[in-house]
Amino acid sequence: MKVLHLSAECYPVAKVGGLGDVVGALPKYQVLEGADAVVAIPFYDRKFTREKSFEILFSSTIFLADQELHYQILKENTNALGFELLLVKIPGLLDREEVYCYPDENEQFIAYQLAVLDWIIKQEVKVDILHCHDHHSGLVPYLVKYSKKFNSLAHIPTVCTIHNGQYQGWMSWNDFRYIPEPEEEHNGMLDWGGTINKLAASVKCCWAYTTVSPGYLEELKHDSNGLEFLFELEQGKGIGILNGIDPDIWNPETDPMIADNYKTSSVTRGKQLNKAFICKQFHLDKNKPLFAFIGRLVHEKGVDKLLEAVKEVLSQENPDINVLILGSGEKHLEEELVYIKNNYPNINVFVGYNEELSHKIYAAADFILMPSRVEPCGLNQLYALKYGTVPVVRSTGGLKDSIKDIDEENGYGIRFDNCETWDIINAIERSKKLYFDKTQLKNIRKVMMALDFSWNKSAKQYINLYKRLIETA
Ligand code: ADP
């Protein structure tokens with residue numbers, strides 16, 4: 001069974017958030033389950049692409065409106081990721097450094113999708129499943145059904161995975177010209193609320209859609225940035241599959257990025273050493289509990305409320321916690337962070353993206369804070385569990401599906417209901433109590449580290465879904 005994944009991100013080639021982690025790991029576990037999983041992403045000018053060598057599999061041209069574009073399909077030579085990695089190179093459009101945020105993002109990702117479909121047709125590539133991730137490849141299910149240029153591929157089942165329904169790839173109808181040979185009577189399949197909405201088009205046209213946790217599947221029907229009615233209508237095609245983690249990369253026993261490796265039996269000492277290292281680097285007090293936040297500094301992550309809570313806690317006399325924040329995102333939140341760092345004790349921040357530092361923090365922190373307003377799955381809490389770091393999470397989406405509160409039987413995390421300052425402060429207070437109860441903390445760390453959130457189970461669930469779709473094809 002040949003599964004072709006289309007995505008904007010794939011770790012370690014290009015990662016901005018959880019999408020990169022998932023597309024860098026799920027295909028590897030699908031290969032282990034016997035599937036021929038291949039990933040095709042845009043070619044970016046980044047460390048990975050500069051260091052690796054590639055073979056040109058195919059070269060041709062596509063038209064984006066009336067602009068002729070040359071493209072190449074490149075194959076990474078060493079199978080470094082445990083699956084076949086293809087990169088779609090379009091000079092001047094797709095060989096840039098950043099993944100997102102260019103003004104011509106529509107042209108970029110549409111050209112990428114057109115090139116992949118063009119290659120499949122011209123080279124007669126045998127594909128059994130087209131698996132599209134988020135809106136960047138969201139036009140594929142529409143194109144194979146309703147573009148005359150590509151509907152020779154309409155028999156291939158399409159799966160769309162929603163990693164984050166907040167971002168939908170809105171595009172003005174003025175740019176409809178980028179869609180080649182559309183069957184105009186089906187224009188409605190692209191539309192939501194008067195604009196082209198690529199995520200909505202993907203959900204409408206795919207054979208099945210998945211969300212990255214079962215909880216998020218339900219949540220989208222009530223809270224999905226305007227698509228609630230669509231998810232209600234299409235729910236028969238939906239299935240929630242919880243993300244996993246890749247223990248080849250996320251494992252405190254073998255992780256080359258952390259200061260000291262440790263396993264369950266040495267967790268107390270191991271975490272102490274990692275904490276001492278990071279506290280020295282960031283001028284924090286290793287004898288106080290260390291609360292960390294890692295992530296995109298955006299509204300959906302509840303960072304505004306987190307900062308209010310942190311200010312409140314750190315303005316008490318001689319505060320008894322440390323806070324370390326790693327993230328980048330909205331300018332006003334970045335500025336607020338720097339202000340807090342300069343004006344409050346016991347806090348440090350790293351504004352930017354730093355993969356290695358994130359590993360060090362998962363290993364060093366006592367608690368990972370996640371007050372998210374929206375969290376489709378969340379990977380931070382899963383990495384935290386693996387590193388014996390207690391997740392302190394708001395009960396939403398995948399956080400609710402993966403974290404059991406310590407007050408429940410066999411619980412191992414701290415949960416709270418609202419993304420509000422006082423709920424976060426209360427959760428920090430509960431965490432402190434746990435921190436000072438060394439026996440309970442030790443036991444909980446052992447429980448957390450023994451949990452299995454690896455990809456094996458989820459990879460099987462995806463493969464079962466593909467099989468079901470292929471049978472009905
Ligand atoms: P999302 O995809 O919404 O950003 P997830 O929890 O699914 O959130 O995944 C976030 C991933 O990105 C995790 O691997 C996390 O460690 C990583 N990450 C987020 N921000 C940073 C950062 N500033 N530096 C390093 N890693 C980061």
Side-chain angles (χ1 to χ4, degrees), residues 7-26 47 98-101 133-136 161-167 211-213 215-216 219 225 241-252 255 257-258 278 282 292-303 306 324-330 333-334 337-338 348-365 368-387 389 391-394 396-403 413 419 453 455 458:
S7 165
E9 299 178 36
C10 174
Y11 178 82
V13 192
K15 167 179 164 183
V16 176
L19 171 64
D21 283 334
V22 172
V23 178
L26 169 64
K47 188 167 177 283
E98 297 304 323
V99 178
Y100 305 119
C101 297
H133 296 268
D134 276 350
H135 71 80
H136 318 99
T161 292
I162 299 158
H163 297 259
N164 195 329
Q166 296 292 304
Y167 306 98
T211 59
V212 289
S213 70
Y216 193 52
E219 210 170 286
N225 208 4
I241 303 177
L242 192 71
N243 281 341
I245 66 170
D246 184 354
D248 290 346
I249 293 168
W250 297 98
N251 184 350
D255 190 337
M257 298 191 218
I258 66 177
I278 217 86
F282 286 95
F293 171 91
I294 299 171
R296 293 179 297 117
L297 303 176
V298 292
H299 183 75
E300 71 185 84
K301 298 284 181 192
V303 182
L306 175 66
L324 181 57
I325 295 184
L326 163 63
S328 60
E330 291 170 14
L333 291 171
E334 289 186 354
L337 260 185
V338 174
N348 212 332
V349 305
F350 183 103
V351 176
Y353 187 92
N354 188 324
E355 189 73 24
E356 183 166 334
L357 180 57
S358 76
H359 284 244
K360 287 192 164 60
I361 296 177
Y362 287 116
I368 287 284
L369 291 163
M370 299 182 76
S372 310
R373 291 189 171 87
V374 180
E375 198 58 81
C377 175
L379 291 170
N380 298 19
Q381 81 281 14
L382 303 183
Y383 298 143
L385 294 173
K386 188 81 189 160
Y387 285 71
T389 307
V392 182
V393 306
R394 180 175 166 243
T396 185
L399 298 176
K400 205 166 160 181
D401 287 347
S402 55
I403 302 302
C419 176
F453 282 106
W455 270 109
S458 306

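Indexing begins at 1, ligand by ligand and atom by atom, following the structure's order.
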Inventory of protein N or O atoms under 3.5 Å from ligand 1 N or O:
| unit_1 | atom_1 | unit_2 | atom_2 | d |
| --- | --- | --- | --- | --- |
| ligand 1 | 2 (O) | G18 | N | 2.7 |
| ligand 1 | 3 (O) | R296 | NH2 | 2.8 |
| ligand 1 | 3 (O) | K301 | NZ | 2.8 |
| ligand 1 | 4 (O) | R296 | NE | 2.8 |
| ligand 1 | 6 (O) | L379 | N | 2.9 |
| ligand 1 | 6 (O) | N380 | OD1 | 3.1 |
| ligand 1 | 8 (O) | K301 | NZ | 3.1 |
| ligand 1 | 9 (O) | G18 | N | 3.1 |
| ligand 1 | 14 (O) | K15 | NZ | 2.8 |
| ligand 1 | 14 (O) | D21 | OD2 | 2.6 |
| ligand 1 | 16 (O) | Y362 | OH | 2.8 |
| ligand 1 | 23 (N) | G352 | O | 2.8 |
| ligand 1 | 24 (N) | N354 | N | 3.0 |

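- The only member of M370, E219, R373 that meets side-chain contact (heavy atoms from CB on, under 4.5 Å) when paired with T396 is E219.
- For L242 against S213, the heavy-atom pair with the smallest separation is CD1-CB, 3.6 Å.
- Every residue meeting the side chain to side chain donor-acceptor pair (under 3.5 Å) condition with K360, not counting sequence neighbours, appears here in chain and number order: E356.
- Every residue two or more places apart in sequence or in another chain that forms a side chain to side chain donor-acceptor pair (under 3.5 Å) with Y353 is listed here: E355.
- Inspection of the D255 and Y387 side chains reveals an N or O donor paired with an N or O acceptor under 3.5 Å.
- Contacts of Q166 classified as side chain to side chain donor-acceptor pair (under 3.5 Å), with partners at least two apart in sequence or in another chain: none.
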